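One structure is given here, and the rest of the page talks about it.
Since the structure is predicted, the reported quantities are computational estimates derived from the model, not experimental observations. The analysis underlying the following values was restricted to heavy atoms, covering all of them including side chains, and did not include hydrogens, waters or symmetry mates. Note on naming: letters A, B, ... go to the chains in the order of the sequence lines (proteins, then strands), and numbering restarts at 1 for each one.
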There are 2 protein chains.
Amino acid sequence: MPASSSSPRPRARGPRRRLDLAQVVAAAIARVDAGGPEALSIRGVALDLGVMPNAIYTYVADRAELEREIVDALLSRVDLRLLDGPAADWRARLVRYSLALRTVLLAHPGAAVLFMSAPMTGAHALAVGEGLLAALVDAGLDDTAASRGEYLVFVYMLGSVALEIAETDGRPPLPPEPARIAARRAAFAGIDAATHPITARTTDVAAGWISGEQFAWGLERVLDGITAAR
Amino acid sequence: MPASSSSPRPRARGPRRRLDLAQVVAAAIARVDAGGPEALSIRGVALDLGVMPNAIYTYVADRAELEREIVDALLSRVDLRLLDGPAADWRARLVRYSLALRTVLLAHPGAAVLFMSAPMTGAHALAVGEGLLAALVDAGLDDTAASRGEYLVFVYMLGSVALEIAETDGRPPLPPEPARIAARRAAFAGIDAATHPITARTTDVAAGWISGEQFAWGLERVLDGITAAR
DNA sequence: ACCTGAACACCGTTCAAGT
DNA sequence: ACCTGAACACCGTTCAAGT
């Protein structure tokens with residue numbers, strides 16, 4: 001085992017040779033966490049790893065592939081076993097997995113945008129898809145409805161979180177939910193009730209669109225809709 | 001009226017002074033249409049308008065504001081009156097507006113990603129929101145359910161189109177839908193039935209996730225879910 | 001008010017060369 | 001196989017200056 005230095009270890013700088021893909025992806029996620037979405041760059045990752053920019057191309061073909069690897073890595077951080085369980089619990093399984101995915105994405109808001117660019121590739125996306133399908137089959141859907149429903153759930157989860165994060169600066173930790181809701185309520189203050197009457201009288205609800213409560217509510221409605229015609 | 005030159009007019013180059021915001025936004029959309037999402041740049045727009053890069057900052061504060069203007073401009077191209085109509089037709093109104101929005105976004109795929117970055121600002125977004133709310137109130141929902149439902153429909157429309165476009169190169173015209181479905185079916189060919197049994201037997205459905213038919217199906221399920229508990 | 005000129009601090013990517 | 005050195009063709013943005 002390595003001698004554990006008691007000195008405050010320097011932060012992953014220094015010329016450490018022999019990288020691997022996992023280190024590159026981890027450095028990229030750390031970079032986005034520190035500097036927000038626009039901090040992601042091949043050159044920046046190389047700098048953090050103490051390596052010349054083009055060394056990164058040993059591990060990814062281009063920036064787009066790095067982004068796909070980030071998506072797959074974050075997806076792997078959500079416990080797939082949350083989708084397991086008795087058939088009768090299909091709904092609870094889908095809900096708890098969705099909430100866990102949302103939590104992981106909110107913890108890495110700068111990377112969440114990437115999920116709207118190429119989410120369906122990657123080994124982990126395939127595994128998540130199979131898990132969603134299994135839950136929907138357990139709900140009593142036929143194969144066609146389960147597959148269509150799977151995509152609808154995907155669209156809901158990813159779209160919802162992306163829009164929620166779009167209103168932030170993408171740098172964790174995000175302000176607590178009550179603060180973000182309060183900021184939205186303030187922004188809605190100037191709505192003209194003459195031209196937008198319904199919007200004007202529902203600003204309190206709209207302020208909470210980015211809440212976990214709305215996320216759960218929307219998911220339940222989606223699941224209602226998918227299973228209504230069973 | 002201006003003398004109409006019969007010569008094949010040169011393409012918007014040349015030193016035309018006195019720009020305005022509309023020209024800048026139009027040039028930006030044209031640029032994304034021609035070169036895909038990564039072709040969008042302040043410098044590129046300036047080049048197309050025959051102006052120095054920093055001249056653009058007379059009309060937008062930064063790149064992010066240009067992107068918001070693009071979103072608002074595209075939103076304005078979808079006829080809001082599609083949301084008007086008899087209360088009993090609330091469902092048809094929502095469906096035809098959604099389909100029209102999808103059509104506009106698919107015609108400008110490189111710009112569609114921007115809708116996931118800051119869609120709820122802008123004057124046109126507000127007007128669309130009021131229209132969605134009116135349709136949902138006509139559906140018999142109370143104010144709270146209508147507002148929550150409005151956001152769910154927004155998430156669905158924008159998330160759906162964004163994921164669909166994520167699989168393309170973002171340059172119009174996109175390949176026709178049957179070709180895109182066939183390409184997806186081919187990509188699904190290698191699925192391992194042992195590890196992903198349900199996925200493997202539903203690849204034909206999954207190939208069609210990006211179809212207009214799935215889009216309409218998903219919207220109907222969302223509307224079912226929203227109105228189920230009325 | 002609106003534009004130019006010039007600069008600063010960045011990008012992604014490629015190629016040849018070293019080990 | 002994996003990295004460096006050096007270059008190419010780009011970025012967004014700022015500042016001072018001109019009209």
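Of the candidate nucleotides D:dT4, D:dC2, C:dC2, D:dT4 has the atom nearest to the side chain of A:V51.
Rounding to whole angstrom units, CG of residue B:D20 and P of C:dC2 are separated by 10 Å. B:L49 has its CG atom 16 Å from the C1' atom of C:dT4, to the nearest Å. Atom-to-atom, CE of A:M52 to C1' of D:dT4 comes out at 6 Å; the value is rounded to the nearest Å.
Counting only residues at least two apart or on different chains, the ring pair (Phe, Tyr, Trp, His ring centres under 6.0 Å) pairs with a member in residues 150-179 of chain A are A:Y151-B:W209, A:Y156-A:F215. Within the structure, the salt bridge (charged side-chain N to carboxylate O under 4.0 Å, His left out) test picks out the following pairs touching residues 102-131 of chain A (sequence neighbours left out): A:R102-A:E164, A:R102-A:E177.
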Q: Please report the C-alpha distance between B:I29 and B:H108 in whole Å, then the side-chain angles of each, then the deciding distance to 0.1 Å, and finally whether the side-chain contact (heavy atoms from CB on, under 4.5 Å) criterion is met.
A: CA-CA 8 Å; B:I29 293 175; B:H108 304 280; 3.8 Å; yes
Q. Hey, mind stepping through B:I210 and B:T168 against side-chain contact (heavy atoms from CB on, under 4.5 Å) and telling me if it holds?
A. CA-CA 11 Å; B:I210 50 88; B:T168 73; over 6 Å; no
Scan the side chains in residues 116-125 of chain A for donor-acceptor partners under 3.5 Å anywhere in the protein, sequence neighbours excluded, and list what turns up.
{"from": "A:T121", "atom 1": "OG1", "to": "A:A118", "atom 2": "O", "distance (Å)": "3.3"}

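Contacts of A:E69 classified as salt bridge (charged side-chain N to carboxylate O under 4.0 Å, His left out), with partners at least two apart in sequence or in another chain: none.
With both ends at atom P, the span from D:dA9 to C:dC10 equals 22 Å, rounded to whole Å.
Between the A:R185 side chain and the A:A207 main chain, no donor and acceptor come within less than 3.5 Å of each other.
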Q. For nucleotides 7-19 of chain C, read 5' to 3', which letter fits each nucleotide if B means a protein heavy atom sits under 4.0 Å from the base, S means only the sugar-phosphate is that close, and - means neither?
A. B---BBBBB----
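B:L19 and B:Y59 make their closest contact through O-OH, 3.0 Å (heavy atoms, listed as atom of the first residue, atom of the second, distance).
Secondary structure note: stems in DNA chain C built from 3 or more consecutive Watson-Crick or G-U wobble pairs under 3.5 Å occupy C:4-8 with D:12-16, C:12-16 with D:4-8.
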